[in-house]
Q: 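If you scroll down you'll find the structure; I have some questions about it.
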Protein chains: 2
Amino acid sequence: MVYIPPSHTDRAAEVGLKRRQPDLSRHLSAEARARLPNPIKSIWKAAQVKPGTINMGNGDPHHTLYPVSEMNFIVPSIDEHDPVQAWREGTGEQQIIASYKDEPCALSLRTAMAYGAGSGLQHVREALANLNDRIHAPPKHTVSLSLGNADALTKCFRLLGDPGDSFLCEEFTFSAMTNAALPLGIDWVPIRMDKDGLVPSDMERILSNWNEAVQGKRPHVLYTIPCSQNPTGSTLSLERRRQIYQIARDWDVIILEDDPYFFLQYDLDVRPSTIEQYGFTRAMAEVLPRSFLSMDYDGRVMRLDSFSKILAPGMRLGWVTSNDFLAEKLDMLTDSSSQHPHGLGQAFIAELLGNQGWGVDGFMKWVNSLCREYERRRNLFMEVFRREVSSTGLASAEVPQSGMFVWIKVNLDRHTRYRVMETSTVPGGPISNTAELMDELFRKLLDCGLVMMPASTFAIVDRTGRATNDSHIADRVNYFRATFVGTDETIENGLTIFGRGLEEFFCY
Amino acid sequence: MVYIPPSHTDRAAEVGLKRRQPDLSRHLSAEARARLPNPIKSIWKAAQVKPGTINMGNGDPHHTLYPVSEMNFIVPSIDEHDPVQAWREGTGEQQIIASYKDEPCALSLRTAMAYGAGSGLQHVREALANLNDRIHAPPKHTVSLSLGNADALTKCFRLLGDPGDSFLCEEFTFSAMTNAALPLGIDWVPIRMDKDGLVPSDMERILSNWNEAVQGKRPHVLYTIPCSQNPTGSTLSLERRRQIYQIARDWDVIILEDDPYFFLQYDLDVRPSTIEQYGFTRAMAEVLPRSFLSMDYDGRVMRLDSFSKILAPGMRLGWVTSNDFLAEKLDMLTDSSSQHPHGLGQAFIAELLGNQGWGVDGFMKWVNSLCREYERRRNLFMEVFRREVSSTGLASAEVPQSGMFVWIKVNLDRHTRYRVMETSTVPGGPISNTAELMDELFRKLLDCGLVMMPASTFAIVDRTGRATNDSHIADRVNYFRATFVGTDETIENGLTIFGRGLEEFFCY
């Protein structure tokens with residue numbers, strides 16, 4: 001287990017931690033409770049007590065038969081002033097990230113190419129625990145590697161969800177993931193959002209009004225995307241995070257903090273003096289949002305980080321930070337399913353974050369540089385948006401503080417065919433023709449050669465009617481999710497099409 | 001979908017295939033039936049009809065921001081006469097397997113490092129379908145990538161198993177995997193084995209004696225390891241395979257063909273003239289065992305192949321070959337869990353099997369060379385075994401035809417403390433003290449500094465008593481699984497310890 005020293009917590013907090021640590025076992029699914037350790041690994045664990053023991057037990061190919069002696073990646077040099085710009089322009093120096101089977105390096109290919117533990121190789125876990133510690137300074141937690149946040153999240157669903165359970169989520173959310181929970185028998189209870197994201201009082205309302213006799217087990221899990229919430233692009237304020245964490249404590253709720261956009265924050269006031277004196281990690285840690293993990297003295301947060309947005313999606317690597325108890329159960333599930341993450345990626349990360357690579361600080365310099373590039377794209381997007389779209393009066397958008405998405409509100413009430421009825425035919429159902437008009441607009445834009453994601457794709461319909469019957473979410477799907485991470489040309493052309501398409505659709 | 005032309009089947013068989021193709025939907029688990037397609041991918045699929053459409057929908061980092069422009073691996077040159085020997089001795093030439101982001105190659109890093117479909121990238125799937133076709137010549141089937149056989153197999157369990165289902169397996173099997181099915185509510189029904197593996201008549205007996213009113217749903221899935229069965233090392237004969245496939249047809253059973261050791265076959269009569277004229281793939285295909293896949297006109301086989309034993313376990317890559325219907329459901333599960341396999345490995349495989357790498361034929365040359373090296377180790381093992389172990393008369397072993405394992409029988413009936421009772425206290429339970437003595441012997445060997453895997457680790461106890469009460473498997477755990485894939489020194493020292501340990505244990 002990777003133990004992260006509670007460096008930013010004082011002695012009193014540590015004592016408090018021990019006292020307050022709640023029993024989390026009630027949160028485990030029947031499947032998780034029934035899982036046995038791998039009998040073969042148990043045998044070998046027992047056998048490892050004696051050094052020099054000869055292993056004739058396992059069918060592990062010998063490292064001399066791995067047909068790879070060296071693996072290299074050509075990456076940007078982190079010594080450039082602005083590494084992302086230099087890389088894009090092709091003006092910067094390059095650097096080689098190398099792993100060897102038979103020569104010294106941070107993580108030998110002998111180890112990386114062998115079988116390993118589901119939680120990942122100790123070396124990589126420690127590097128990421130160190131990064132975590134410097135950014136979130138979490139109370140005692142364990143790092144387990146994942147294959148990215150989809151893998152991590154769907155494992156968490158299996159770990160925590162039994163058929164008939166209800167989980168909380170934002171009312172517009174990353175439906176690819178919430179849909180993945182449905183076949184497990186998990187129902188979603190949507191929490192209302194405003195322009196600043198999840199509304200804590202609505203979470204409190206749902207939990208306190210919950211009647212277990214009628215509605216079944218009270219939700220014991222919250223799935224949330226706190227930064228650049230997908231699809232709305234909102235980022236939760238510290239105040240809201242504190243409120244949400246307190247509500248989670250009051251009602252004993254586990255928080256699944258899915259934070260793939262955490263490292264992509266804009267308008268940051270990074271202090272050059274801190275960079276100079278302490279390096280990029282500390283300078284970034286000072287200004288990045290405070291995670292739920294950072295305030296998690298109970299051990300009720302499972303935080304999901306990913307390299308997909310800051311390195312590349314095809315890496316399929318991320319890490320889960322959680323309480324020891326939950327981490328152990330997660331690792332057992334990994335051992336009984338995907339097995340450990342691929343050695344190629346683990347070796348790459350080990351070398352990249354190691355002394356011969358970028359190091360943790362160099363990695364944070366890359367992240368900082370990446371933030372500025374995405375900030376530039378976001379600014380371009382908003383500038384073109386104002387010129388081509390807002391100017392029509394037919395749509396508007398908040399400026400996102402992080403991530404990749406802009407949540408564009410279409411002013412459908414200005415459409416001549418927009419209608420509002422007095423009541424809905426079904427409880428909580430639509431009282432307007434918002435969904436129909438938006439579908440029509442989506443198809444029109446498609447004809448014009450533009451894809452934006454319609455809000456309906458992300459709307460969580462409370463199928464059970466258990467939480468609230470007055471959400472009328474179908475009346476609030478007058479939004480598109482658009483991304484600003486494409487090229488400048490995509491932004492210019494896409495938003496120009498969008499503006500004209502809107503005007504035609506509104507018959508101006 | 002990768003369509004594999006039925007090149008080795010004639011027109012009549014193809015017609016027969018269409019006629020006979022059974023409805024497989026009854027085999028799906030409730031979870032698999034309830035799974036929805038990813039709504040975001042569905043939208044994008046609809047949008048892709050028109051070329052040139054601008055995508056502002058997805059949050060995909062742009063390839064100019066991937067901090068990797070080149071990835072390369074130093075691997076053995078496949079031009080060596082015996083590439084494995086040359087590689088081990090360090091005398092051979094090397095070769096570079098390179099992937100680029102902005103330069104031509106088999107599979108660009110632009111594609112490999114992006115998000116992709118759960119089934120894997122088309123290029124890699126086609127390369128593996130081509131390999132499949134040349135070796136198994138399967139009737140119409142689809143290839144989906146996996147993260148290795150543990151990932152693939154546990155996904156198949158989820159795809160096919162509902163709580164309360166009973167699946168068939170060999171009575172000694174890879175318990176890490178069968179255990180992974182237990183938390184899903186799947187019970188295992190063990191089929192008797194002899195020295196040649198699974199006994200078809202026992203499979204027939206279980207299925208025909210099954211009383212659904214009493215025993216629940218008749219088993220509809222068989223999990224089998226046909227080559228170098230783990231742990232017994234046995235390889236099913238063609239005759240048995242045909243019988244088992246026929247029984248599976250008669251009772252409508254899906255066969256999970258878990259075949260990680262398929263490529264490691266010994267005493268092969270590979271014809272040099274075929275190598276010379278047609279290359280290694282055809283020459284190997286002529287002598288490799290016939291898979292269940294190769295005879296699967298019904299589409300009831302899901303075949304699981306892995307790179308773990310022939311490249312390296314840390315690759316975490318493999319492929320599943322199955323009927324289109326099951327493949328689609330498997331891919332949906334992958335999209336809703338682990339997501340697509342890592343791009344690093346996919347790029348490596350694409351280049352390795354491509355024109356600039358080994359090519360498929362070069363890959364099969366490596367496999368052929370690897371077979372000879374493992375055959376040498378097996379021969380050394382058997383030689384030392386005869387000298388150090390058989391000579392004591394206290395243990396014996398069959399010579400394995402494939403894989404990595406020797407199944408060593410301990411002649412416990414020669415032990416002075418060996419006891420047989422008249423009846424067991426529980427139906428099907430032990431009537432001897434075999435398990436106790438074997439546990440004692442395992443611990444003794446551990447004290448001597450040797451780990452071999454005790455048979456009890458792999459024994460499938462019929463917990464429900466549904467199949468048979470007369471297996472008395474605990475009386476037949478007088479075996480160890482030993483591997484011969486270690487170094488020559490491991491083999492020499494390990495078996496010497498084993499022989500002496502046996503003699504001491506038997507008090508000779």
Q: Non-hydrogen atoms of chain A under 4.5 Å away: do they reach the side chain of Phe498(B), the backbone, both or neither?
A: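 The answer is neither part of Phe498(B).
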Q: Please classify the contact between Ser228(A) and chain B as side chain, backbone, both or neither, with a heavy-atom cut-off of under 4.5 Å.
A: neither
Q: Identify the heavy atoms of Tyr66(A) and Trp87(B) that sit nearest to each other, and give their distance.
A: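 Result for this residue pair: O-NE1, 3.0 Å.
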Q: Looking only at heavy atoms and a cut-off of under 4.5 Å, which of Arg443(A), Met177(A), Arg377(A) has the most pairs with chain B?
A: Arg377(A)
Q: At what distance, to the nearest 0.5 angstrom, does CD1 of Ile497(B) lie from CE of Met56(A)?
A: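 These two atoms lie 9.5 Å from each other.
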Q: Between chain B and each of Ala98(A), Ser338(A), Gly345(A), count heavy-atom pairs under 4.5 Å; write down the option with the most.
A: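 Winner by heavy-atom pair count: Ser338(A).
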Q: Which heavy atom of Trp366(A) sits nearest to which heavy atom of Pro67(B), and what is that distance?
A: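 Answer, listing the atom of Trp366(A) first, then Pro67(B): CZ2-CB, 3.5 Å.
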Q: If you count heavy-atom pairs under 4.5 Å between each of Ala34(A), Gly52(A), Pro61(A), Ser99(A) and chain B, which one has the most?
A: Pro61(A)
Q: List the residues meeting ring pair (Phe, Tyr, Trp, His ring centres under 6.0 Å) with Tyr261(B), not counting sequence neighbours, and say none if there are none.
A: Phe405(B)
Q: Less than 4.5 Å to any heavy atom of chain A: does that hold for the side chain of Phe480(B), its backbone, both, or neither?
A: neither
Q: So which heavy atom on Glu31(B) is nearest to which on Pro183(A), and how close?
A: O-CB, 3.3 Å
Q: For Phe157(A), what residues pass the ring pair (Phe, Tyr, Trp, His ring centres under 6.0 Å) criterion, not counting sequence neighbours?
A: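 Phe157(A): ring pair (Phe, Tyr, Trp, His ring centres under 6.0 Å) contacts with Trp188(A).
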Q: How close do Ser69(B) and Gln94(A) get, counting heavy atoms only, and between which atoms?
A: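 Smallest interatomic distance, heavy atoms only, reads OG-NE2, 4.1 Å.
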Q: Given heavy-atom pairs under 4.5 angstrom as the criterion, report whether the side chain, backbone, both or neither of Ala114(A) touches chain B.
A: backbone
Q: When rounded to the nearest 0.5 angstrom, what distance separates CG in Asn55(B) from OG1 in Thr490(A)?
A: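 One finds 8.5 Å between CG of Asn55(B) and OG1 of Thr490(A).
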Q: Based on non-hydrogen pairs under 4.5 Å, which of Glu373(A), Arg158(A), His340(A), Arg35(A) is most in contact with chain B?
A: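 Answer, by heavy-atom pair count under 4.5 Å with chain B: Arg158(A).
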Q: I need the Asn493(A) CG to Ile54(B) CD1 distance, nearest 0.5 Å.
A: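 So the CG of Asn493(A) and the CD1 of Ile54(B) are separated by 4.5 Å.
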Q: Heavy-atom distance under 4.5 Å to chain A: side chain of Leu333(B), backbone, both or neither?
A: side chain
Q: Roughly how far, to the nearest 0.5 Å, is the NZ atom of Lys155(B) from the OG atom of Ser337(A)?
A: 8.5 Å
Q: What distance do Thr483(B) atom OG1 and Asn58(A) atom CG have between them, rounded to the nearest 0.5 Å?
A: 8.0 Å
Q: Considering only heavy atoms, which portion of Ser146(B) lies under 4.5 Å from any heavy atom of chain A: side chain, backbone, both, or neither?
A: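 Looking at Ser146(B), nothing touches chain A.
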Q: Please look at Arg110(A) and chain B and tell me whether the side chain, the backbone, both or neither of the residue comes under 4.5 angstrom of a heavy atom of that chain.
A: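 No part of Arg110(A) comes within 4.5 Å of chain B.
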Q: With rounding to the nearest 0.5 Å, note down the distance linking OG1 in Thr487(B) to NE2 in His62(A).
A: 5.5 Å
Q: So what's closer than 4.5 Å to chain B heavy atoms on Ala150(A): side chain, backbone, both or neither?
A: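 It is both, since atoms from each part get that close.
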Q: Most heavy-atom pairs under 4.5 angstrom with chain A, which of Ala112(B), Pro76(B), Gly314(B), Gly403(B)?
A: Gly314(B)
Q: Identify which part of Met113(A) has an atom lying under 4.5 Å from any heavy atom of chain B, answering side chain, backbone, both or neither.
A: both
Q: Which one, Met315(A), Glu70(A), His342(A), leads in non-hydrogen pairs under 4.5 Å with chain B?
A: His342(A)
Q: Counting heavy-atom pairs under 4.5 Å to chain A, which of Thr64(B), Thr154(B), Asn72(B) comes out on top?
A: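 Among Thr64(B), Thr154(B), Asn72(B), the one with the most close pairs to chain A is Asn72(B).
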Q: As an exercise: rank Ala482(B), Pro83(B), Gly185(B) by heavy-atom pairs under 4.5 Å with chain A and give me the winner.
A: Ala482(B)
Q: Contact part of Val84(A) toward chain B, heavy-atom cut-off under 4.5 Å: side chain, backbone, both or neither?
A: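 For Val84(A), the side chain is the part near chain B, not the backbone.
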Q: Given a strict heavy-atom distance threshold of 4.5 Å, which part of Arg33(B) is in contact with chain A: side chain, backbone, both, or neither?
A: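 No part of it gets close to chain A.
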Q: At a heavy-atom separation under 4.5 Å, does Asp60(B) approach chain A through its side chain, its backbone, both, or neither?
A: backbone
Q: Tell me, side chain or backbone of Phe484(A) under 4.5 Å from chain B's heavy atoms, or both, or neither?
A: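 Looking at Phe484(A), nothing touches chain B.
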Q: So which residue, Leu147(B), Val406(B), Val68(B), ends up with the most heavy-atom pairs under 4.5 Å with chain A?
A: Val68(B)
Q: Shorter than 4.5 Å, heavy atoms on both sides: which option in Glu489(B), Gln339(B), Met332(B), His63(B) has the most such pairs with chain A?
A: Gln339(B)
Q: Side chain from CB out, backbone as N, CA, C, O: work out which of these in Tyr100(B) comes under 4.5 Å of a heavy atom of chain A, or both, or neither.
A: neither
Q: Show the nearest heavy-atom pair for residues Ser336(A) and Ala180(B), with the distance to one decimal.
A: O-CB, 3.7 Å
Q: What option among Pro313(B), Gly343(B), Gly449(B), Pro454(B) has the most heavy-atom pairs under 4.5 Å with chain A?
A: Pro313(B)
Q: Strictly distance-based, threshold 3.5 Å: is any side-chain N or O of Arg88(B) a donor or acceptor partner for the main-chain N or O of Leu65(A)?
A: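 Here the side-chain-to-backbone pair does not exist.
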Q: Considering only heavy atoms, which portion of Val485(B) lies under 4.5 Å from any heavy atom of chain A: side chain, backbone, both, or neither?
A: both
Q: Out of Leu311(A), Asp447(A), Leu36(A), which one racks up the most heavy-atom pairs below 4.5 Å with chain B?
A: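 The residue among Leu311(A), Asp447(A), Leu36(A) with the greatest pair count is Leu311(A).
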Q: Given heavy-atom pairs under 4.5 angstrom as the criterion, report whether the side chain, backbone, both or neither of Leu370(B) touches chain A.
A: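 The side chain, not the backbone.
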